[in-house]
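In what follows, every chain begins at residue 1, and chains take the letters A, B, ... in the order their sequences are listed.
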Amino acid sequence: MATGNVAGKISSETFSAQRRRPWDRITRETETVTKGNRQAETRRKKEQGIRALFFIIASASIITLSLIVLFLFMEGLPIFKKVSVKAFLFGKLWYPTSDPADFGIFALIMASVAVTAVASLISIPLGVMTAVYLAEVASWRLREVVKPIVELLAALPSVVIGFFGMVVVAPLLQDLLDVATGLNLFNAALMLAFMSVPTICSISEDAIFGVPTELKEASLALGATHWETIWRVIVPASISGISTAVILGMSRAIGETMVVLMVAGGAAMVPTSLFDPVRPMPASIAAEMAEAPFRGDHYYALFATGIVLFAFTFLFNLVADYVSNRYRQVGAATL
Amino acid sequence: MKESAEIQRAIHSNPWPDKHRGRAYLQQVVFLFFRVAAVVNGLALLIVVTFLVAKGYTAINWTFLTQPPMDSMTKGGILPCIIGTLCLSLGSMLIALPIGVASAIYLHEYARPGRVLRLIRLGINNLAGVPSVVFGLFGLAFFVVYMKMGTSLLAGSLTLGALTLPVIIGSAEEALRAVPGTYREASLGLGATKWQTIWRVVLPAALPGILTGAILGVGRAAGETAPIMFTAAVFFTPSLPTSLFDEVMALPYHIYVLATAGTEIEKTRHLQYGTALVLIVLVLGLNLIAIIYRARLRRKMR
């Protein structure tokens with residue numbers, strides 16, 4: 001390799017340019033000096049080939065995502081030949097197996113929204129408070145114990161949580177509150193809350209932990225208590241991360257299947273009370289898909305429900321992505 | 001961090017003047033709430049696990065672990081479910097691990113900031129957010145029907161592979177990030193090409209972290225139910241899978257079926273507890289291994 005003219009190639013521009021990876025410069029320099037040398041040329045070609053291969057593999061995620069969208073629409077859209085989009089989304093009757101069948105998923109959508117909303121009322125305070133505790137209050141040693149607990153909570157299979165809700169929480173609710181069935185909106189929301197707490201907690205904690213120490217020290221030096229510092233400085237500085245965490249937590253709750261399938265009760269009605277049995281969208285899909293005749297109206301309607309569910313989570317994720325990029329805290333200077 | 005801790009200590013050692021005592025109390029009360037929140041999480045985990053252990057351990061014996069279900073699933077064991085779940089989660093790793101690690105290499109080592117990178121990241125984030133039941137629908141429409149795989153181990157593994165892909169990418173990228181830049185500079189400085197550097201220097205250094213991610217991925221895949229409901233799992237099959245195109249039984253689906261379908265829900269309660277216990281021992285065990293392994297890795301890095 002000709003190394004003589006490397007120094008000459010390093011311009012002031014390469015030095016001043018802010019680079020994420022300083023070693024990129026080295027690669028780029030070696031690429032330029034090898035021109036004309038045939039052995040080096042083939043080596044460079046090979047490198048470019050490898051780079052292209054990795055690019056193709058890296059697009060697997062986005063290809064999968066596109067395939068998911070494509071096939072959901074392919075199998076879901078035919079239902080709209082039978083019912084209008086409006087009747088499908090806002091129809092209050094879901095009797096897919098009666099004759100003539102009713103395909104209105106308004107009750108399912110409302111059930112999903114209600115379950116997610118109630119779950120959020122529990123999981124947001126719990127998750128954010130645990131995150132603040134981990135990042136600010138807990139001693140190093142306690143942190144090392146509590147963090148794995150939260151991770152293990154996240155790892156609990158949803159079917160196990162659903163099972164627990166069925167055999168433990170449901171009878172308990174029935175006895176304590178004297179309601180018709182323990183398998184209801186509240187029970188499902190409670191179980192979902194504990195499934196989304198780890199998501200909310202770990203992302204918020206990262207955000208809180210990332211707040212520059214100078215900010216905290218400045219606040220403390222001005223005489224604020226630790227709590228005042230958390231409330232007036234640290235939380236505002238990490239609010240974009242916390243919001244992202246909350247949105248992703250809600251996204252997890254609305255898409256969660258096994259818990260609502262086993263615990264929510266399964267009645268396709270618009271909920272009017274906290275203790276009504278409900279049938280959220282994922283539960284409806286999972287419960288009915290096995291019986292729906294292949295490529296019949298019911299089958300198409302369930303895929304269309306899948307489109308609506310996917311649209312909800314996609315929207316949540318886009319908003320989360322936007323929030324985390326738009327209001328990203330890059331340093332003390334942006335406050 | 002250290003200095004701010006010192007400042008805090010200095011403040012707290014100062015006796016509060018009467019005027020500000022309320023602020024100090026407020027802090028104590030609020031922090032108490034934070035501690036309670038943390039304890040609630042721990043309690044939730046503890047209650048679920050102890051309950052399942054207490055109810056489930058009586059069901060666990062040698063027959064339970066080594067026999068197929070008998071008498072229309074009211075007696076016997078869960079061997080086909082254990083095998084099925086192991087096959088499904090290992091199969092999903094065979095798919096997700098190479099693709100995930102390669103994606104992470106591209107994202108962390110090759111890609112330059114720009115629109116393409118942002119698009120790929122957006123794709124990964126959104127894939128991570130797709131509900132598990134939608135993965136099930138996708139697996140049914142694409143793998144089972146369109147690719148004509150039928151309800152099979154292969155279709156289920158592919159679906160679970162798609163689901164765990166973001167998990168693998170995330171942890172592999174974290175592992176790559178933990179490899180010091182000086183390693184790469186040293187290798188490149190010796191005249192190695194970028195690929196040689198990645199293959200001989202970066203990947204070996206990141207391997208433990210990548211393995212941790214793979215363990216977490218297996219745990220995640222083993223616990224999922226909705227994606228395999230329409231793609232791989234069946235109520236009952238007496239035989240163990242012998243080919244990629246066989247239907248399988250799986251632990252999570254078995255719990256769901258026993259607990260909700262069928263006429264003998266009460267009679268099979270002990271089998272449900274036992275199956276749930278086996279599943280959480282498997283999943284939490286894998287996660288514990290990953291957590292402990294990662295903690296040791298971090299200590300070594302420091």
Side-chain angles (χ1 to χ4, degrees), chain A residues 1 22-23 26-27 43 47 50-51 54-55 57-58 60-62 64-65 67-68 71-72 75 126 129-130 132-133 137 146 148-153 155 157 159-160 163-164 166 168 194 197 213 216-217 220 225-227 251 255 257-258 262 282 285-286 289 303 306 309-310 313-314 317 321, chain B residues 1 4 7-8 23 27 30-31 34 37-38 40-42 44-45 48 51 99 102-103 105-107 110 120 122-127 129-134 137-138 141-142 162 165 181 184-185 188 191 193-195 219 223 225-226 229-230 252 255-256 259-260 276 279-280 283-284 287 291:
Chain A
M1 277 220 309
W23 58 88
I26 308 178
T27 340
R43 214 163 101 133
E47 286 290 309
I50 292 172
R51 189 197 158 87
F54 274 105
F55 172 72
I57 301 177
S61 304
I62 209 151
T64 312
L65 193 68
L67 281 175
I68 290 176
F71 275 85
L72 276 184
E75 304 285 315
L126 200 57
M129 277 161 75
T130 312
V132 175
Y133 172 80
V137 183
V146 178
I149 289 180
V150 174
E151 279 171 50
L152 287 181
L153 200 59
V159 70
V160 169
F163 180 61
F164 182 79
M166 266 179 89
V168 179
F194 280 96
V197 160
T213 326
K216 197 176 154 187
E217 285 167 355
L220 291 170
T225 62
H226 192 186
W227 160 241
S251 169
T257 312
M258 295 320 289
M262 296 168 84
I285 299 171
M289 200 40 142
F303 268 92
L309 182 62
F310 178 79
T313 54
F314 193 70
N317 284 293
D321 186 72
Chain B
M1 281 321 272
S4 64
I7 296 174
Q8 271 167 40
R23 293 164 64 207
Q27 166 159 325
V30 174
F31 279 14
F34 290 163
V40 167
N41 287 318
L45 181 70
V48 173
F51 173 78
I99 299 178
S103 301
I105 289 177
Y106 178 78
L107 290 174
Y110 284 108
I120 294 180
L122 196 64
I124 295 169
N125 287 344
N126 273 299
L127 193 65
V130 171
S132 53
V133 72
V134 171
L137 288 179
F138 165 67
F142 185 61
L165 190 57
R184 299 176 179 87
E185 283 161 10
L188 292 168
T193 63
K194 187 149 195 161
W195 169 241
T225 321
M229 275 173 116
F230 327 130
I255 298 173
Y256 167 67
T260 59
L279 182 63
I280 63 162
V283 171
L284 294 190
N287 275 275
I291 288 172

Just give me the residue among Leu137(B), Thr225(B), Asn287(B), Ile291(B) that pairs up with chain A most often, heavy atom to heavy atom, under 4.5 Å.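 Maximum pair count with chain A is reached by Leu137(B).
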Top residue by heavy-atom pair count (under 4.5 Å) with chain A, among Ser103(B), Ala226(B), Gly219(B), Ala44(B)?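 Most heavy-atom pairs within the cutoff with chain A belong to Ser103(B).
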Any [X] side-chain heavy atom under 4.5 Å of [Y] side chain:
| X | Y | result |
| --- | --- | --- |
| Phe310(A) | Phe138(B) | no |
| Arg23(B) | Trp227(A) | no |
| Val134(B) | Ile285(A) | no |
| Gln27(B) | His226(A) | yes |
| Val160(A) | Leu279(B) | yes |

Can you tell me which portion of Val48(B) sits under 4.5 Å from chain A's heavy atoms? Options are side chain, backbone, both or neither. both
CD1 of Ile62(A) to CG of Asn126(B): how many Å apart, nearest 0.5 Å? 8.5 Å
Which distance, rounded to the nearest 0.5 Å, do you find between the CE of Met166(A) and the OH of Tyr256(B)?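 OH of Tyr256(B) is found 9.0 Å from CE of Met166(A).
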Over all heavy atoms of both residues, which pair between [X] and [Y] is shortest? Give the atoms and the distance, please.
| X | Y | value |
| --- | --- | --- |
| Asn317(A) | Gly129(B) | ND2-CA, 3.6 Å |
| Gly191(B) | Arg43(A) | O-NH2, 2.7 Å |
| Ile149(A) | Gly42(B) | CG2-CA, 3.7 Å |
| Ala58(A) | Ile120(B) | O-CG2, 3.7 Å |
| Leu165(B) | Ser61(A) | CD2-OG, 3.7 Å |

Parallel, tilted or perpendicular for Phe164(A) and Phe51(B), by the 30°/60° rule?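 Because their plane-to-plane angle is over 60°, the rings of Phe164(A) and Phe51(B) count as perpendicular.
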With Ser132(B) via side chain to side chain donor-acceptor pair (under 3.5 Å) - residues at least two apart: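 For Ser132(B) the side chain to side chain donor-acceptor pair (under 3.5 Å) partners, ignoring immediate neighbours, are Thr257(A).
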Does any backbone or side-chain atom of [X] lie under 4.5 Å from a heavy atom of chain B? Answer side chain, backbone, both or neither.
| X | result |
| --- | --- |
| Phe55(A) | both |
| Leu152(A) | both |
| Phe163(A) | side chain |

List the residues meeting side-chain contact (heavy atoms from CB on, under 4.5 Å) with Asn125(B), not counting sequence neighbours, and say none if there are none.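 Residues passing side-chain contact (heavy atoms from CB on, under 4.5 Å) with Asn125(B): Asp321(A).
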